[in-house]
Amino acid sequence: MELIRIADVQKTYKNGVVALYDFNLSIKKGEFVFIIGASGSGKSTLIKMLYRAEKPEKGSIIIGGINVAKLKDRKVYILRRKIGVVFQDFKLLPKLTVFENVAFAMEVFGCDKNEIQKRVMQVLDLVGLKHKVRQYPNQLSGGEQQRVVIARAIVNKPKLLICDEPTGNLDPDTSMEIMKVLDNINRMGTTVIMATHDRDIVNRMQKRVIVIEEGKLVKDYERGQYYHESIKNY
Amino acid sequence: MKALRTIKRYFRDAIKGVVRNFSLSLASISCITITLVVVATSIIISYNVENFAESIRQDVTIVIFLDSDATEEDRDRIEQSIRNTGNVESLIFKSKQESAEEAKNENEIFSTIVDGWTDDTNPLLDSFMLKVKDVEKIKQNAEDIKKLDKVNNVNYGEDIVDQLITVFKVVEKIAIGAVIALIIVTAFLISNTIKLAIFSRRTEIEIMRLVGASNISIKVPFILEGLFLGIIGSIIPIIIMIYGYISLYDFFDGKLFSSSLAELIEPYPFVYLASLLLLGIGMLVGMFGSWRAVRKYLKA
């Protein structure tokens, strides 16, 4: 079943830079997709459009039946409640504990306290941080902080998890731990889209890989293909 | 149940916002406090000026002297004509005998002179004392009445009344204008202070939006926070105004320049009404300020 359909999308920034051009992409439910490309290739723009931080000027982006391209500012929350987003720079609230940071995402729905308590502990267990619930973000390592962000992103059981270079600030070992967590989440049925620079990770994970160059989709490798071809090319 | 929880969360977040960002809250509160003190002063001045003007207006009397040969029919006819102007608060007829009596009681010298008069030699004239409803039409009324047959003279202290009316009108307009201008300036000042406070919390707003908080559910706690800041900020101005005005009133013994025309407004219930007004202004500008400040961060 198709979860995301991107058709004829074009995005030009105000300064005239064309970030994406004539872009088409379809992603099925339950897939794990890497998006790779050099800095300035339009990869971040694509990711931002998926969670409607940017709006395309042409084309349509349908995510789970919502046309994100036409979504009004005050209706953005409807999309955001169906997806989870993970960033390179974490975006945690420093004055809240680990538990509160994750619970925050449930509180905006007006969830019941017991329900929040139960679910937050469940996801913190899933990312392996059950023992650090009372700590503050600055008492955690980078990898741990990123796991809190992932916990926050999946606490509302989203259909889609969008990750914008989640391992960008982490060392290789920690990165692999994060990838294991993401892979686990994917195995439980959540579609994962991840933008990254890290070729090593992409090679090891053996997933579908989309390559963007100068705003265009230049290659779409099926599961397991990327590793072999990259050996040839690089 | 869900709605109740949401409302509870709004209030909790608003209170948390005030407490956790205390230094910036304090800045906003002091800003509200200072301006509300000035607004309070303007309110006191403008209401009292309005009061002075009102008491002068009520006190203005047109005295209409009738010709000495005016008959009773003339009197009735003139009274009818005056009433026909429609601008009559009260109209009292004073015969020349009554005027003589009054003069007699005024002091001893008058008394001996008046005693020597008989009804025929009494040089005073019969008169009407007219108090008008709308003092601004007084000039026109006086001129109309003067034209009536058997009216000898019309007198209402033209110059001084005209001048006072003009002066009060100007003072009133300035005071009201100042209050309005101050309220607007305060609203924007507070808006900017709160904007600073919110600027330091833009990540929080960004994350709230990212995890799917609707714009309203982000706005409401901030607007409530502004409301609380407004309420806290109006406490000191209200105390200053209540005690300040009461002691001012006591100090002047209720009137300025010991003149019955410049009586200050009774402190009760004036101070309570003015306090409510201050509280209302504080709440409104607080809410408006936050609303305006947070709006900026809710665009995409």
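Throughout, protein chains are lettered first and strands after them, A, B, ... in sequence-line order, and every chain is numbered starting at 1.
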Can you tell me if K55(A) has over 12 outside heavy atoms packed within less than 6.0 Å of its NZ?
yes

Cut-off 4.5 Å, heavy atoms of chain B, and the answer for L71(A) is neither

Checking side-chain contact (heavy atoms from CB on, under 4.5 Å) for the pair K95(A)/K16(B): CA distance, chi angles, key distance, verdict?
-> CA-CA 11 Å; K95(A) 285 180 187 169; K16(B) 248 197 231 164; over 6 Å; no

Looking only at heavy atoms, the pair that brings V211(B) and N156(A) closest together is O-ND2, 4.4 Å

Tightest non-hydrogen contact, residues L93(A) and E204(B), listed as CD2-CA, 3.6 Å

In terms of heavy-atom contacts, R80(A) and R209(B) come closest through NH1-O, 3.2 Å

Would you check, one step at a time, whether the test side-chain contact (heavy atoms from CB on, under 4.5 Å) holds for I207(B) with R152(A)? CA-CA 11 Å; I207(B) 294 169; R152(A) 185 181 67 192; 3.5 Å; yes

Flag if over 12 foreign heavy atoms under 6.0 Å of CZ, F90(A):
yes

Counting only heavy atoms from other residues, nucleotides and ligands, does the tally under 6.0 Å from CZ of F104(A) exceed 12? yes

Does CZ belonging to R12(B) count more than 12 external heavy atoms closer than 6.0 Å?
yes

Distance col, row I83(A):CD1 vs L210(B):CG, nearest 0.5 angstrom, shows 8.5 Å

message = With a 6.0 Å cut-off (strictly less than), is the heavy-atom count around CD1 of I216(B), excluding the residue itself, greater than 12?
response = no

_Heavy atoms of other groups near F11(B) CZ, more than 12 under 6.0 Å_ = no

